[in-house]
There are 2 protein chains.
Amino acid sequence: MPKSLVYYFGGGHADGGKDDKLLLGGKGANLAEMTRIGIPVPPGFTITTENCKLYLSQGGYAQGLKEQVADAIKRLEKDTGKVFGGSENPLLVSVRSGAPASMPGMMDTILNLGLNDRTVQVLAKNSGNERFAWDSYRRFAQMYGDVVLLVPPTKHEKLLDECKEKRGVAADTGLTTEDLKELVREFKALAQANTGKPFPEEPVEQLWGAVEAVFRSWNNERAIAYRRVNRIPESWGTAVNVQAMAYGNMGDDSGTGVAFTRNPATGENKFFGEFLVNAQGEDVVAGIRTPLHIDEMAGALPAAYQELLKQQNVLERHYRDMQDLEFTVERGRLYILQTRNGKRTAQASVRIAAEMVDEGLITEQEAVLRVDPKQVDQLLHPRLDPNAKATVIGKGLPASPGAAAGKVVFDPAKAVAMSELGEAVILVRRETSPDDFSGMVAAKAIVTARGGMTSHAAVVARGMGKCCVAGATDLVVEEDEGVVRYEGGELHEGDWITVDGGAGVVYAGKVATVAPELSTQFKRIMDWADKFRQLGVRTNADTPADAAKAREFGAEGIGLTRTEHMFFEGNRIQAMREMILAENVEERKVALAKLLPMQRADFLGIFKAMDGLPVTIRLLDPPLHEFLPHPDEVDSYSKAAGVDPVLVRRAIDKHHEANPMLGHRGCRLGMTFPEITEMQAQAIFEAAIEATKEGATVFPEVMVPLIADIRELERQTALIHKVADTVQKKAGRKLDYKVGTMIELPRAALTAGQIAKEAQFFSFGTNDLTQTTYGLSRDDAGKFLPFYVEQGIFPDDPFQTLDPIGVGRLIEIATREGRATRPDLKVGICGEHGGDPRSVEFCHEVGLNYVSCSPFRVPIARLAAAQAALKGPKGARLAVASETPEVATAGAAGIPLGE
Amino acid sequence: MPKSLVYYFGGGHADGGKDDKLLLGGKGANLAEMTRIGIPVPPGFTITTENCKLYLSQGGYAQGLKEQVADAIKRLEKDTGKVFGGSENPLLVSVRSGAPASMPGMMDTILNLGLNDRTVQVLAKNSGNERFAWDSYRRFAQMYGDVVLLVPPTKHEKLLDECKEKRGVAADTGLTTEDLKELVREFKALAQANTGKPFPEEPVEQLWGAVEAVFRSWNNERAIAYRRVNRIPESWGTAVNVQAMAYGNMGDDSGTGVAFTRNPATGENKFFGEFLVNAQGEDVVAGIRTPLHIDEMAGALPAAYQELLKQQNVLERHYRDMQDLEFTVERGRLYILQTRNGKRTAQASVRIAAEMVDEGLITEQEAVLRVDPKQVDQLLHPRLDPNAKATVIGKGLPASPGAAAGKVVFDPAKAVAMSELGEAVILVRRETSPDDFSGMVAAKAIVTARGGMTSHAAVVARGMGKCCVAGATDLVVEEDEGVVRYEGGELHEGDWITVDGGAGVVYAGKVATVAPELSTQFKRIMDWADKFRQLGVRTNADTPADAAKAREFGAEGIGLTRTEHMFFEGNRIQAMREMILAENVEERKVALAKLLPMQRADFLGIFKAMDGLPVTIRLLDPPLHEFLPHPDEVDSYSKAAGVDPVLVRRAIDKHHEANPMLGHRGCRLGMTFPEITEMQAQAIFEAAIEATKEGATVFPEVMVPLIADIRELERQTALIHKVADTVQKKAGRKLDYKVGTMIELPRAALTAGQIAKEAQFFSFGTNDLTQTTYGLSRDDAGKFLPFYVEQGIFPDDPFQTLDPIGVGRLIEIATREGRATRPDLKVGICGEHGGDPRSVEFCHEVGLNYVSCSPFRVPIARLAAAQAALKGPKGARLAVASETPEVATAGAAGIPLGE
């Protein structure tokens with residue numbers, strides 16, 4: 001029996017179910033699932049993703065597809081009692097894309113398919129509503145022309161606008177049946193002019209054109225861009241859902257809406273949504289008419305509302321997650337058109353997960369998996385300072401919480417360009433469309449003048465955790481003129497505004513912000529996360545304040561203290577420069593002696609802040625030239641410091657390097673100037689002794705940077721242990737300290753088995769390791785790296801997300817071989833990847849002991865570590881037979897299936 | 001039975017033999033071997049290297065050593081009929097170091113041990129030569145005081161000089177017996193003053209002091225420096241050889257000498273050497289008296305001479321290699337004190353190896369193994385232009401051939417310092433001593449005023465393949481004054497001289513040189529090498545002239561043509577700059593169109609020069625800023641080129657990079673400016689078509705640089721194949737071309753399994769791969785890399801000799817995994833390591849297809865490849881179970897055992 005190419009649903013039965021998302025797409029699987037569990041869904045069928053793949057790769061249809069579709073149509077005719085192209089009761093259908101992963105608005109949809117000059121008459125007669133029939137026909141001709149026949153959409157819009165102008169009306173609803181008939185004629189003429197063929201009248205021909213268009217739409221630009229950002233594999237393809245139409249525009253007993261089983265912004269367990277009377281679904285999503293609150297449906301469509309309340313509850317309990325529904329009421333009868341797990345803000349995500357545990361709906365483990373670590377960032381970041389004085393310039397819907405300031409930009413492409421230059425921009429639009437996606441990604445916040453809480457802008461912004469004010473009707477956005485007018489003023493491109501997405505308010509200028517408070521529910525989720533995770537989470541902190549902040553966020557120690565930042569503060573830089581300008585060891589020692597007490601004081605503060613937890617301190621790392629004055633400042637510096645400017649210039653020359661990243665830095669400084677290592681070790685151990693005396697428990701971990709060869713580490717550790725011995729003897733106390741190394745050069749990773757003989761711990765410096773593994777300087781990559789990421793040449797920016805097959809392979813090698821030499825070797829990472837969820841997952845898989853990241857990323861790492869632990873065992877990557885060449889590229893594991 | 005700690009030799013029997021070098025040292029093993037085969041060797045015994053290791057690690061002697069030495073002394077007393085410390089016929093012995101590898105003069109020697117105030121009388125009586133007895137005693141007291149009791153040697157010298165002055169004589173021979181007695185008293189008083197204890201009288205006590213001193217001498221500074229340069233493991237230790245003395249200073253029927261079984265400078269099969277009548281061996285080696293030619297021994301000591309001729313022949317045939325002998329004639333009786341494979345010049349090495357094949361003494365394989373590839377360099381490098389006008393300032397012995405010019409330096413330490421600054425220096429010394437070793441390494445040539453062909457300077461210089469003129473008595477070298485005076489002038493430190501080591505002439509100033517001619521014997525050796533080697537040898541060449549030169553030297557194709565060098569020539573740089581200054585694709589294409597014909601012409605010339613052989617052309621690699629004018633030259637350039645200087649400055653700013661090595665270069669240029677790749681591909685393929693039309697057979701290999709990810713290569717290869725198709729179609733001819741990539745980033749090596757899907761060949765760019773693997777910029781390493789190499793932190797300069805465990809491991813991974821994807825993948829290297837013998841051996845072991853190196857290094861690579869093939873199977877490293885962590889550091893494999 002040939003594999004089924006078409007899955008039917010309807011009449012209480014469905015061929016597929018919710019587990020068939022890869023084959024039926026999220027939407028198709030859910031339509032089947034809903035049908036199975038008795039939800040009122042218009043019947044229909046799904047053409048599987050396999051057909052799309054075949055079409056895109058070979059340009060044709062699978063054998064038997066035409067026949068299976070014909071059979072499905074017959075069954076649909078039977079279930080609806082209608083006939084496709086029939087003269088008595090014509091069957092009209094929607095044709096929608098539906099990919100395995102949610103891609104809202106990215107691909108194409110056709111409604112009212114099956115209408116033609118003949119069936120429109122029957123529809124008019126049967127519905128007793130000629131205007132409805134012709135409005136449907138007008139919509140169909142417009143969509144079909146746009147999506148299938150590739151008529152430029154502006155041409156339709158222009159005809160529509162001209163018609164409204166002629167009629168003197170503002171809204172489509174003001175058009176008469178005759179206007180609509182005229183528009184249909186004009187649209188069809190446009191199509192003929194564009195394709196050279198008449199507009200297809202035959203419903204089956206219409207259907208295949210639509211199916212093909214949906215397949216093609218998988219590869220449209222916005223879909224490709226969306227997939228790239230969301231790491232959805234190109235190979236998945238989309239299914240096509242063909243479903244009997246339900247009409248929300250059949251009069252005042254009809255309507256359509258979008259609803260969430262809980263509040264997607266706050267998480268409150270209260271049915272939430274919007275609807276429009278006498279409208280089709282696209283009207284709600286496009287944000288063209290501002291819809292009514294769902295509560296008002298109780299008055300407008302009481303029976304359907306009660307049914308909806310019941311069904312939404314069935315759906316949420318069935319799917320065990322907050323659902324995002326689309327529904328239509330056709331002459332009082334409710335149809336659920338679609339359900340999917342609803343996108344939500346971080347706050348909502350946390351609250352819903354925690355409350356569902358309380359309701360017994362999900363387990364703690366599931367709750368932890370429900371919160372997207374990337375979103376957690378929103379909860380931790382500053383909000384507008386309530387005491388800041390700020391001028392409100394507009395109010396709208398609180399579409400996605402958070403606060404951000406940036407420069408006004410109207411054009412999405414401009415937003416991308418300015419953001420690439422490092423500018424904070426806020427995209428201000430009349431309304432957004434899927435074409436604006438890249439611009440929305442680039443913007444810090446989004447403001448629209450039109451649209452509701454479920455408008456495109458609102459949905460997409462919430463999904464990205466980006467703050468958004470939608471429907472800010474006070475603002476008159478003149479995109480073409482590049483101006484936004486408000487009561488009492490106007491702003492131009494480049495002017496600063498501040499957006500409070502939680503309150504739905506837009507302010508002029510840059511407004512001050514304050515730190516967020518963390519909810520109890522958030523704390524509960526994090527406690528559960530800590531219970532499940534197996535990976536330690538430390539922080540990168542250079543000051544006692546940062547250390548304390550990180551501890552508050554749950555850091556279990558410091559994974560990286562950069563000592564060089566300390567050298568820049570205040571007049572310390574003077575002592576540092578004296579050290580660099582020293583002509584011999586003696587002079588250098590004099591300068592180092594001045595730095596010693598400063599370093600000691602810094603370390604003391606940090607040890608105390610991290611009482612009871614380990615503190616890893618990295619020895620001096622950057623090349624010395626970084627501490628010297630800029631060539632232009634030599635004279636002023638020399639005068640102030642009383643140094644011969646010739647000496648300073650000579651030092652600048654001497655320390656100049658062609659490639660400082662690969663130069664005299666890291667342990668190479670300590671190798672050639674052992675007195676620097678000695679001073680730093682002395683400062684660390686004396687501070688540790690002092691902290692102990694003051695009652696703190698300290699676990700200093702001295703970390704030697706940029707080791708390429710075991711012999712470097714041998715010499716540096718010998719020096720450090722010698723200083724430790726001296727300090728301990730003098731104090732008459734023992735310290736529980738370790739000496740280890742950064743693994744940040746490929747050679748260190750490749751010879752880790754040797755290096756572990758000397759190192760008591762490894763910490764992967766993934767920033768430098770990525771730079772050397774790729775031969776790519778972060779400072780210089782700006783000229784091509786954005787292009788590479790945009791073009792998909794690199795699947796991710798390797799400085800943001802750890803490259804698993806190159807850099808990651810080195811981490812695997814080093815971890816495996818380091819532990820082979822020293823089974824109790826402590827291994828962590830301290831690059832910026834330590835706070836990136838996918839990188840944290842990698843660290844779990846490779847069996848590291850901990851990740852270390854900036855304080856604000858600590859909760860993200862804790863959550864990501866817990867999720868990784870719930871997904872698979874720690875160290876699974878190391879268990880794989882050693883060194884089989886990895887053929888998989890950055891895979892699609894972990895992409896949530898949806899829609 | 002406990003392991004023997006002492007090996008006896010004498011009376012025609014020996015406990016050990018020539019295969020026991022690790023245990024007995026080279027000298028001990030050869031003394032044993034010689035004894036076994038009936039060579040007249042004074043009897044004695046060897047204290048094994050195990051004892052030295054134990055002494056150095058634990059500070060004491062092995063259990064049983066004292067007893068075994070006592071037994072050996074008894075046996076020695078029996079074999080010699082003498083008694084150690086005896087009152088009738090006292091046994092006197094020499095105590096010498098002897099390591100497994102030859103370390104000439106690096107460690108200590110004591111002669112005449114066993115003499116004391118009592119035995120000296122007996123010796124005087126028995127020999128009937130009181131002066132000889134006291135001279136021996138004086139020598140012993142001096143050496144023992146110096147070596148064992150650590151009296152500063154200058155103190156002995158001072159007393160000796162004072163004595164000679166008082167006596168009014170120039171040479172030691174002018175001193176009377178009474179003088180010698182006085183000196184012994186004074187030397188012993190010096191020793192007592194220095195140690196606080198009387199000079200040891202008891203022979204057994206003397207012996208243990210000497211043994212201990214030899215052990216200690218393993219770790220003296222010059223020994224450590226020598227081992228580092230020669231890669232001799234610290235762990236080997238030295239043996240101690242205790243041997244009955246043979247006296248060459250017992251009158252005019254006695255003598256001592258050093259001889260080679262063939263001429264070590266030319267290789268001529270003629271007995272060669274020098275001797276002194278009535279002298280001890282140290283007199284010859286130290287170069288204090290200028291010795292006589294060995295032929296003159298026939299007259300002076302006829303019987304011993306005949307015996308020597310016979311024995312040298314026995315030795316050479318036994319050892320199947322040219323021998324370096326030390327002999328002593330005691331009252332007419334010949335003793336061979338030592339034999340070892342003789343050091344020789346490259347010319348001699350080649351001639352001896354080839355002639356020994358003709359003589360049936362060795363096989364062709366052995367002949368190939370006998371020539372040190374590093375020495376081959378000497379044969380290929382320029383010699384003095386015979387037509388150059390040059391002022392001779394001195395003549396001496398042609399101690400080591402070759403020619404070099406450099407600045408005069410007198411102080412070895414200064415030679416090291418200046419050489420590190422990149423200066424060519426020539427070390428000019430009265431005579432050299434082992435303490436001068438580092439300075440000799442640093443110098444381009446060595447000139448001594450005293451000493452013969454077997455003096456320290458001559459032996460060491462030949463070993464290093466460094467040119468040397470010894471015994472240039474015309475020169476008065478005043479080291480302290482920093483001046484060398486010659487007939488008609490004087491030179492000071494820093495003045496240029498030129499040395500012709502083959503002629504033994506020193507010239508003033510810099511003298512022109514000419515290319516060498518290669519001997520027939522050399523060609524034979526190279527033919528044999530080609531027969532045995534399994535690794536291809538290509539060349540790196542950017543011009544037709546270089547290509548032709550390399551082909552002459554045996555290159556089998558081009559492994560690397562750098563296209564960027566072509567862009568610097570003449571007015572091409574103008575077109576290149578236009579290309580860089582272009583504001584858009586169109587402007588860039590206009591500039592590229594100007595470069596196209598120039599590139600095409602270059603490639604055509606190279607293809608024709610390499611007719612029938614593959615030519616690998618690398619696409620543009622360096623960052624664009626390298627082609628822009630220096631900031632100081634902007635104005636003059638702008639004026640000349642008629643360009644707005646503002647544009648030029650903006651371009652310089654735009655292309656400035658913090659770390660250009662890791663910046664916008666390599667394929668990243670071709671990715672962002674595909675038109676550059678297109679132009680270069682077009683030039684290559686059009687030139688290939690043209691060369692074909694002109695009758696040449698071409699195999700172009702287009703090489704994409706700096707690939708980090710398969711996707712880069714996918715895009716670049718697609719472009720290149722497209723251009724190839726167009727060019728081939730237009731010409732109506734097919735080209736046999738390949739597209740491949742450099743593997744020069746760790747990530748490329750780590751993902752080679754993927755990259756091989758696109759690449760038809762890999763070429764390891766080991767310069768960049770070393771830089772990124774070590775995180776070490778070659779340009780900036782000068783501040784610490786020499787220190788690292790000197791201190792043994794890096795066993796070798798990784799830019800000279802391929803790092804086997806880091807960079808090499810990446811090469812192994814990439815080769816293994818690349819071939820797993822594409823079994824016929826061609827893999828080579830084109831970094832500078834391609835001409836380094838040890839790196840070539842690595843490439844053989846890892847199973848590469850070829851190495852590519854600069855033209856002059858091609859013969860070296862051919863020879864090294866043959867030796868590698870004779871040592872072990874190709875690809876042996878890949879056969880090792882994949883990815884076992886390598887614990888061995890750069891081992892001692894391949895260090896010739898000797899002495």
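Just so it is clear: chains get the letters A, B, ... in the order the sequence lines come, proteins before strands, and each one is counted from 1.
- Only the side chain of D803(A) comes within contact range of chain B, judged by heavy atoms closer than 4.5 Å.
- When the candidates L706(B), I707(B), T821(B), T751(B) are compared by the number of heavy-atom contacts under 4.5 Å with chain A, T751(B) comes out ahead.
- Residues G792(A) and R711(B) approach most closely at O-CD, 3.2 Å, considering heavy atoms.
- Distance alone, capped at 3.5 Å, places no donor-acceptor pair between the N659(A) side chain and the S777(B) backbone.
- Put simply, OG1 on T772(A) and CG on L776(B) are 11.5 Å apart, with the number rounded to the nearest 0.5 Å.
- Separation of atoms CZ (R715(B)) and CD (Q791(A)) is listed at 4.5 Å; rounding is to 0.5 Å.
- Among the candidates E657(B), R668(B), M661(B), the residue making the largest number of heavy-atom pairs closer than 4.5 Å to chain A is R668(B).
- Taking G806(A), G666(A), P746(A) one by one and counting their heavy-atom pairs under 4.5 Å with chain B, the maximum is reached by P746(A).
- Atom CG of L750(B) and atom OG1 of T773(A) lie 7.0 Å apart (nearest 0.5 Å).
- For chain B, the nearby parts of Y774(A) are the backbone and the side chain; heavy atoms of each come within less than 4.5 Å.
- To the nearest 0.5 angstrom, T672(A) atom OG1 is 7.0 Å from Y788(B) atom OH.
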Subject >> CA sep, side-chain torsions, deciding dist, call: E712(B), I793(A), side-chain contact (heavy atoms from CB on, under 4.5 Å) >> reply: CA-CA 6 Å; E712(B) 295 173 310; I793(A) 299 162; 3.8 Å; yes

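- Per-residue heavy-atom pair counts under 4.5 Å with chain B were compared for R778(A), M671(A), R747(A), and the maximum is reached by R747(A).
- Per-residue heavy-atom pair counts under 4.5 Å with chain A were compared for P623(B), A658(B), G663(B), and the maximum is reached by A658(B).
- One distance of note links CG of D709(A) with CD1 of I805(B); it measures 6.5 Å at 0.5 Å rounding.
- In this structure, H664(B) NE2 and L785(A) CG are separated by 11.0 Å, a value rounded to the nearest 0.5 Å.
- Neither the backbone nor the side chain of A781(A) comes within contact range of chain B, judged by heavy atoms closer than 4.5 Å.
- Residue E714(A) does not touch chain B at all, counting heavy-atom pairs closer than 4.5 Å.
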